[in-house]
Structures are given as structure tokens and as C-alpha cells.
Amino acid sequence: MASLSLGGLGGSRGAGGSGKKSLSARNAAVERRNLITVCRFSVKTLIDRSCFETIDDSSPEFNNFAAILEQILSHRLKGQVTWFGYESPRSFWDYIRVACRKVSQNCICSIENMENVSSSRAKGRAWIRVALMEKHLSEYISTALRDFKTTRRFYEDGAIVLGEEANMLAGMLLGLNAIDFSFCLKGGLDGNFPAVIDYTPYLKFTQSSDSISSDEEELRTLGSSGSESSTPENVGPPFIMDENSWFNKCKRVKQKYQLTLEQKGYLEELLRLRENQLSESVSQNKILLQRIEDSDLAHKLEKEQLEYIIVELQDQLKSCQSLDQLSAEVSLSQSSLDPGQSQEGDGKQDTLSEGKEDTPSLLGLCGSLTSVASYKSLTSLKSNDYLASPTTEMTSPGLTPS
């Protein structure tokens, strides 16, 4: 009996241990899902708010988003073990400054050198603001998550940055690059208190249209149902509450109808505005098309004119070339038709050379020539037919002295 009781006790303890493990796993999963869902809602509210005003430190949507992101990055963050074996709390900035060093043109060094930001938590909050102004927050988170070894060293099992939710986080933060943030970091940031998330903007109860009573009446009914003083003989009050409930129901329907009419008027006005813009864009498109056609026609005319000018220039060039050829042929024909004049000119030159004084120096001059013409002239000078004797010249009566 004792062994059976001990065995049953051990089995109950084992079942209790497995139940605690499953409960802790369930709680961790719910916590991760809640943070990721709230982060997605906060990103949507930031994008909606940025359409109407500039996002800065005074915006409650941003303050809530910063608190949510800080909670996500601090989820199951390991503590820092000291020399004495104690584990001191650590901020997510210790992980960011190590895992985001590989980001090109990062702001890690500038945040480390800030004089008015001293604590690690304040530096992490300053990093969130600087990354949003630089539109690189998603890039920082993606780079840090890719460094799995560093992430594993800083976080425990079950952390958001180690699970499948991490990829969702990097994707939803990408939409913040379309927002122009404006923060002032000169006054410093307070890092003494942890960030607290405000869930009320994301919690909304929508009453079913089939419900007759309002929220206050349902709460009043729930409160009166537990009291012992209520008896089935009290039949009068329910009829009065039913009349009030119907009146409240009609009032709510009327409010919804008025709201729907206002939305209808707004949409009609918006539609009219869009139709006007569309008609203006269509007319501008027609004007642009007409301008394009006119420019194409002008370009075609200019092209035809240029082609006509090119043809004329080519014709003129051909005529000039034909004139040059004709002048060359005329010169050649003239030189071929007047050979006698060239021979007479040669005879005149010969007579002039015969009239010159025949001296031995002339023979030496002709002998120094190397061309064929000079050689022929030299032989002609040496012949007795053309050279006159010096005795005859001396005995001629015209050369005798008086």
C-alpha cells in the first residue's frame, strides 16, 4: 500500500510538472502573440496619424509604439553576469550596439558619444528615435536578427527575436519608412523608469446589432441577477426597461443613420472632386497629345527640308566635280593639239644657246651634268657641225680691229 501511495504521489507530481511546463509555454506564446499584434496596431495608428500631423515626442501614438518596441526587444533578455556570479539586468541597447555594427553608416557611435544620454536604457530609446528619423529602423532590426549567434547569446529560449514572429516584426516596421519623424534629443531622455504600454486605444467592444439592451442595462441586469431580493413576481419593471431599451435602440439607429448620411455626403463630394480632377487630367492629356502630334509634324517638315537641302548640295557637288574634270580635259587637249609651238620654242632656245660665247668653261659646265639631256647637249657641242673654230672667228672681217 505504501508503494502504491508513493507511486501515485510521484505520478501526480509528474503530471503537475508537465502541466506547469505546458502552462508556461502557453503563457509565453500568448505573450509573444499579444506583443506582435499590439505592435502591428501601433504601426497602423502611426501611419494614420502621420497623414494629418507630424509625429514627434508629444504624439501618444509614438510613445505607445516606442514602449511596445522596447518591450519586444527586452522580451526574455538575458542578464549580465558579474565577476561575483550575480546576474544584473541588461537593456536591449547592449544587444543592438553589438548586432547592428554591420549596418552601413550606422548611428551607434554617435549615440554612444551623446553627452546628455547616460544610461543604457536612455541610449536605446535615443536609438529608436534616430533610426526612425533616418528611416532605417527596419534595416537595423533585420541586420540584428540575421546575426543569429549574437541574438542567441543575448536572449533566452522563447524570446520574440528568436521565434517566427521576428520576421513579422521586421516586415511591419518597413512601413514606418514612409513617415517623416521629428524628434529633439538635446534635452536628453529619461531612462529611469520602464516603458508601459497603453492597451486602451486597441481595445474596442462592438455591440451586436441583435442586442436590444445597451451596455449599462446589461451591466445592471447582471448585477441584479445575483441578488436574492429579485423575485419572479416583479413583472412591472421589465416592461419599463424594455420600453427604455427600445427607445435607446431607436436613438442609436438614428445616430448611425445620421452618421451614414454624413459619410454619404462626404463620399459624394469626394467623388465629385475626383471626377473634376479626372476631367481636367483628360483635357490636359488631350492637349499634350495635340502638342506631340504638332511637334511630330514639325519634325517631319524639318526632316523633309533638310533632305531637300542635302540633295541640292549633292547636285552642286557633282556639278563642281564635272566642271573640274572638264577643265582638266580641256587643258590636256590643248597641250596635245599644239606640239609645233613647243618644238619652235625648243628651236629658239637652241639658237639662243648657239649665239652664246663658246668657251672651254662651257664644255666643263656641260660635262658636269648627269642627266640624259645634258649628255645629248654635250655631244652636240663636241661635234664639228655645231662648234665654230676660233681661227675663223678671229679672221672674220667683222672682228678685225680697225
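Model, not experiment: these values are computed from the prediction.
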(request) Could you grab the distance from atom CD1 of I72 to atom CD of E31, nearest 0.5 Å is fine? (result) 10.5 Å
(message) Distance check, rounded to the nearest 0.5 Å: S138 atom OG versus H136 atom NE2?
(response) 10.5 Å
(message) Could you check whether any side-chain heavy atom of D94 comes within less than 4.5 Å of a side-chain heavy atom of L77, counting everything from C-beta outward?
(response) no
(message) Let me confirm one number: the SG-CG distance from C107 to N113, rounded to the nearest 0.5 Å.
(response) 11.5 Å
(message) Any donor-acceptor pair under 3.5 Å linking the side-chain atoms of T151 with those of Y95?
(response) yes
(message) If we count only N and O atoms by modelled type, under 3.5 Å, do the side chains of N64 and Y202 hold a donor and an acceptor together?
(response) yes
(message) Suppose we screen for salt bridge (Lys or Arg N to Asp or Glu O under 4.0 Å). Which residues come up paired with D198, at least two apart in sequence or across chains?
(response) none
(message) Which residues pass the ring-ring contact (aromatic ring centres under 6.0 Å, His included) test with F181, not counting sequence neighbours?
(response) F183
(request) Give, for atom CZ of R32 and atom CD of E164, the distance between the pair rounded to the nearest 0.5 Å. (result) 9.0 Å
(message) Salt bridge check, R152 against D157: does any charged N sit closer than 4.0 Å to a carboxylate O?
(response) yes
(request) Kindly give the heavy-atom pair with the smallest separation between I47 and G175, and that separation in Å. (result) CD1-O, 4.0 Å
(message) A side-chain contact here means heavy atoms from C-beta on lying under 4.5 Å apart; do Q290 and E293 qualify?
(response) yes
(message) Can you list everything that forms a ring-ring contact (aromatic ring centres under 6.0 Å, His included) with Y140? Sequence neighbours excluded, please.
(response) W127
(request) Mind listing the closest non-hydrogen atom pair of R125 and A195 along with its distance? (result) NH2-N, 3.5 Å
(message) Taking the side chain as everything from C-beta on, heavy atoms only, tell me whether R97 gets closer than 4.5 Å to C109.
(response) no
(message) Run R76 and I160 through side-chain contact (heavy atoms from CB on, under 4.5 Å) and show every step you take.
(response) CA-CA 8 Å; R76 291 185 175 270; I160 294 178; over 6 Å; no
(request) Take L73 and I141, measure what side-chain contact (heavy atoms from CB on, under 4.5 Å) needs, and give me the verdict at the end. (result) CA-CA 10 Å; L73 294 177; I141 297 297; 4.2 Å; yes
(message) Within the structure provided, determine whether T150 and Y155 are in side-chain contact (heavy-atom separation under 4.5 Å).
(response) no
(request) Measure the shortest side-chain to side-chain distance between L267 and L271 over non-hydrogen atoms and say whether it is less than 4.5 angstrom. (result) no
(request) Heavy atoms only: give me the nearest W93-S120 pair and the separation to one decimal. (result) CB-O, 3.4 Å
(message) Using modelled atom types and a 3.5 Å cut-off, is there a donor and acceptor pairing between side-chain atoms of N106 and backbone atoms of K102?
(response) no
(message) Tell me the closest heavy-atom pair linking C39 and L169, and the distance in Å.
(response) SG-CD1, 4.0 Å
(request) With rounding to the nearest 0.5 Å, note down the distance linking CG in L185 to CG in D57. (result) 7.5 Å
(message) Under the rule for salt bridge (Lys or Arg N to Asp or Glu O under 4.0 Å), what residues qualify as partners of K264, not counting sequence neighbours?
(response) E268
(message) Walk me through whether Y308 and E312 qualify under side-chain contact (heavy atoms from CB on, under 4.5 Å).
(response) CA-CA 6 Å; Y308 179 73; E312 287 184 350; 2.6 Å; yes
(request) Could you give me the CA-CA distance, side-chain angles and deciding distance for Q71 and I197, then say whether side-chain contact (heavy atoms from CB on, under 4.5 Å) is met? (result) CA-CA 8 Å; Q71 290 286 344; I197 303 174; 3.6 Å; yes
(request) Locate the shortest heavy-atom distance separating E139 from S104; write the atom from each residue and the value. (result) OE2-OG, 4.4 Å
(message) Checking side-chain polar atoms at under 3.5 Å, does E262 have a donor or acceptor matched by the opposite partner on Y266?
(response) no
(request) List in chain and number order the residues that pass salt bridge (Lys or Arg N to Asp or Glu O under 4.0 Å) with E275, two or more places apart in sequence or in another chain; answer none if no residue qualifies. (result) none
(message) Do L289 and N285 have side chains that approach each other closer than 4.5 Å (heavy atoms only, starting at C-beta)?
(response) yes
(request) Please tell me if the side chains of M114 and K123 come closer than 4.5 Å, counting only heavy atoms from C-beta onward. (result) no
(message) Return the SG to CZ distance between C184 and R129, rounded to the nearest 0.5 Å.
(response) 11.0 Å
(message) Please list all pairs meeting salt bridge (charged side-chain N to carboxylate O under 4.0 Å, His left out) that have one or both residues in residues 35-49, counting only residues at least two apart or in different chains.
(response) R49-E53, R49-E61
(message) Is it the case that the side chains of D56 and T54 hold a donor-acceptor pair, with the cut-off being a distance below 3.5 Å and no angle test?
(response) no
(request) Side-chain contact test, heavy atoms from C-beta onward, threshold under 4.5 Å: evaluate it for F154 versus L162 and give yes or no. (result) no
(request) Please name the pair of heavy atoms, one in M172 and one in V43, separated by the smallest distance, quoted to 0.1 Å. (result) O-CG1, 3.6 Å
